[in-house]
There are 2 protein chains.
Amino acid sequence: MKNTRNTVAKSAILEIIQSSKVALSHVEIQKLSEGLCDRVTIYRILDRLMIEDVIHKIATPDGTVKYAACHHKHEEHHIHNHVHFSCEKCHSVTCLDTVKPSYSIPKDYLVKEINFTLSGICKDCNE
Amino acid sequence: MKNTRNTVAKSAILEIIQSSKVALSHVEIQKLSEGLCDRVTIYRILDRLMIEDVIHKIATPDGTVKYAACHHKHEEHHIHNHVHFSCEKCHSVTCLDTVKPSYSIPKDYLVKEINFTLSGICKDCNE
DNA sequence: TCTTAAAATGCAACAATGTTGCGTTTTTAT
DNA sequence: ATAAAAACGCAACATTGTTGCATTTTAAGA
């Protein structure tokens with residue numbers, strides 16, 4: 001793996017993502033970081049954090065991209081096989097780490113990643 | 001439901017989507033339609049087709065949005081609970097209608113839509 | 001068939017999101 | 001301390017999606 005460095009901005013952004021209960025979009029991260037660094041730098045930091053596998057990208061049903069911390073720190077060859085929940089009301093995206101999906105698929109497909117997103121009303125909005 | 005009309009452009013675009021084995025992005029639809037209509041019109045037609053529930057939107061893992069025909073024509077209150085496969089190599093997105101996912105989720109979540117996308121190498125690219 | 005209101009379209013302009021090149025600054029290994 | 005590599009800021013660009021408005025097309029009723 002190409003060597004990536006720990007910088008002030010990178011640590012701050014990772015901290016923002018890790019301390020958030022919900023997955024964050026680029027714009028949300030930008031607002032939370034309050035002028036910490038350039039918009040472009042955030043994109044580059046997100047790329048690095050994904051290469052290092054400490055965060056993962058989630059494509060939400062409406063087409064927006066969000067980022068969340070990985071909670072499997074020390075596993076090798078892991079896949080992000082957990083369920084995401086996307087709330088229609090508050091637009092939050094959460095990782096439901098405890099829920100494991102099951103599926104079967106024809107043998108001639110090679111599965112490397114799983115992106116299982118349920119959408120509807122989250123527990124906080126579901127009065 | 002607001003009345004939507006069948007126009008030349010709408011029929012042509014629906015035909016393109018229905019006759020495609022893979023899900024298509026806006027850009028791909030635009031190329032296949034070869035100057036049939038304006039770029040903006042394609043967006044509006046896609047919106048209408050989704051409202052009418054004859055196509056559905058798929059958010060691929062890399063964040064791009066694709067559209068595919070629905071194959072459940074006459075069901076009411078259906079949800080798109082089938083599996084999508086996204087190929088890392090040829091970037092095709094296919095609906096695996098026969099594969100049904102199963103999952104369990106805490107009761108306090110209200111699930112309305114399911115988006116289950118597997119990614120890896122599709123059967124055509126898998127040697 | 002003719003009329004007409006609503007829906008659809010094209011165009012231009014805009015907004016949001018993501019990317020690239022490059023000169024400068026910071027990090028880290030030596 | 002030094003130097004190479006990585007990260008950064010900035011500007012410019014590319015892509016993707018949206019909005020307003022004048023014009024055209026559709027479809028339903030007279």
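Each chain gets a letter, A, B and so on, in the order its sequence line appears, and its residues count up from 1. In this text, all values refer to a predicted model and were calculated from it rather than measured experimentally.
Axis deviation across the helix from C/dT1-D/dA30 to C/dT30-D/dA1 amounts to 40°, comparing end segments of five pairs, rounded to 10 degrees.
Residues passing the salt bridge (Lys or Arg N to Asp or Glu O under 4.0 Å) test with A/Lys10, sequence neighbours excluded: A/Glu52. Looking at residues two or more places apart in sequence or on another chain, you find no side chain to side chain donor-acceptor pair (under 3.5 Å) involving A/Glu15. In this structure B/Ala9 satisfies the side chain to side chain contact (heavy atoms under 4.5 Å, CB included) test together with B/Thr7, B/Leu36, B/Cys37, B/Ile45, sequence neighbours excluded. Remark: B/Asp124 pairs with B/Cys122 by the side chain to side chain contact (heavy atoms under 4.5 Å, CB included) rule, at least two apart or across chains. Partners of B/Tyr67 by ring-ring contact (aromatic ring centres under 6.0 Å, His included), not counting sequence neighbours: none found.
Per the geometry, CG belonging to B/Leu46 stands 14 Å off C1' belonging to D/dT18, to the nearest Å. Spacing between atom CD1 of B/Ile45 and atom C1' of C/dA8 amounts to 8 Å, rounded to whole angstrom units. Following rounding to the nearest Å, A/Tyr43 (OH) and D/dC8 (P) show an atom-to-atom distance of 16 Å. Between A/Leu36 atom CG and D/dA7 atom C1' there is a gap of 13 Å when expressed in whole angstrom units. Note: NZ (B/Lys10) to P (C/dA7) measures 13 Å, nearest angstrom. The distance between atom CG of A/Asp38 and atom P of C/dT20, rounded to the nearest whole Å, is 15 Å. Here the P atom of nucleotide C/dT17 and the CD1 atom of A/Ile42 are 12 Å apart, to the nearest Å. Separating the CZ atom of A/Arg48 from the C1' atom of D/dA6 is a distance of 8 Å, rounded to the nearest angstrom.
Ranking D/dA7, D/dG9, C/dT9 by closeness to the A/Cys37 side chain, first place goes to D/dG9. For B/Ala9, the side-chain atoms get nearest to C/dT9 when compared with the rest of D/dG17, D/dA7, C/dT9. The side chain of A/His26 lies closest to C/dG18 when the candidates are C/dC11, C/dG18, C/dT9.
Listed by residue number, there are no residues of residues 58-68 of chain B with a heavy-atom contact under 4.0 Å to DNA chain C.
Under a 4.5 Å side-chain heavy-atom cut-off, the cluster of Ile, Leu, Val, Met, Phe, Trp and Tyr residues that includes B/Ile58 is completed by B/Val93. B/Leu110 belongs to a hydrophobic cluster with A/Ile121, counting contacts under 4.5 Å between side-chain heavy atoms of Ile, Leu, Val, Met, Phe, Trp and Tyr, direct or through other members.
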- Query: Would B/Asn6 and B/Leu14 satisfy side-chain contact (heavy atoms from CB on, under 4.5 Å), going step by step from the backbone distance to the final call?
  - Reply: CA-CA 10 Å; B/Asn6 290 317; B/Leu14 180 56; over 6 Å; no
- Item | Pair A/Leu96-B/Ile105, side-chain contact (heavy atoms from CB on, under 4.5 Å): steps then yes or no | CA-CA 8 Å; A/Leu96 302 175; B/Ile105 189 172; 3.6 Å; yes
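At a threshold of 4.5 Å between side-chain heavy atoms, the hydrophobic network of Ile, Leu, Val, Met, Phe, Trp and Tyr places A/Ile42 and A/Val27 in two separate groups. Hydrophobic clustering (ILVMFWY, side-chain heavy atoms < 4.5 Å, transitive): B/Val111 and A/Ile114 are in one cluster.
In this model, the phosphate group of D/dG9 is approached by a side-chain N or O of A/Thr41 to a distance below 4.0 Å at OP1 or OP2.
In this structure, OG in B/Ser86 is found 7.5 Å from NE2 in B/His91, a value given to the nearest 0.5 Å.
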Protein N or O to nucleotides 23-25 of chain C N or O, pairs below 3.5 Å:
none

- Protein heavy-atom contacts under 4.0 Å, written 5' to 3' over nucleotides 20-30 of chain D as B (base), S (sugar-phosphate only) or - (none), form the string B-----BS---
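Here the side chains of B/Pro101 and A/Pro101 are not in contact, with every heavy-atom distance at 4.5 Å or above.
Pairs passing the side-chain hydrogen bond (donor to acceptor under 3.5 Å, both in side chains) check and including a residue from residues 26-49 of chain A, sequence neighbours excluded, read A/Ser25-A/Glu28.
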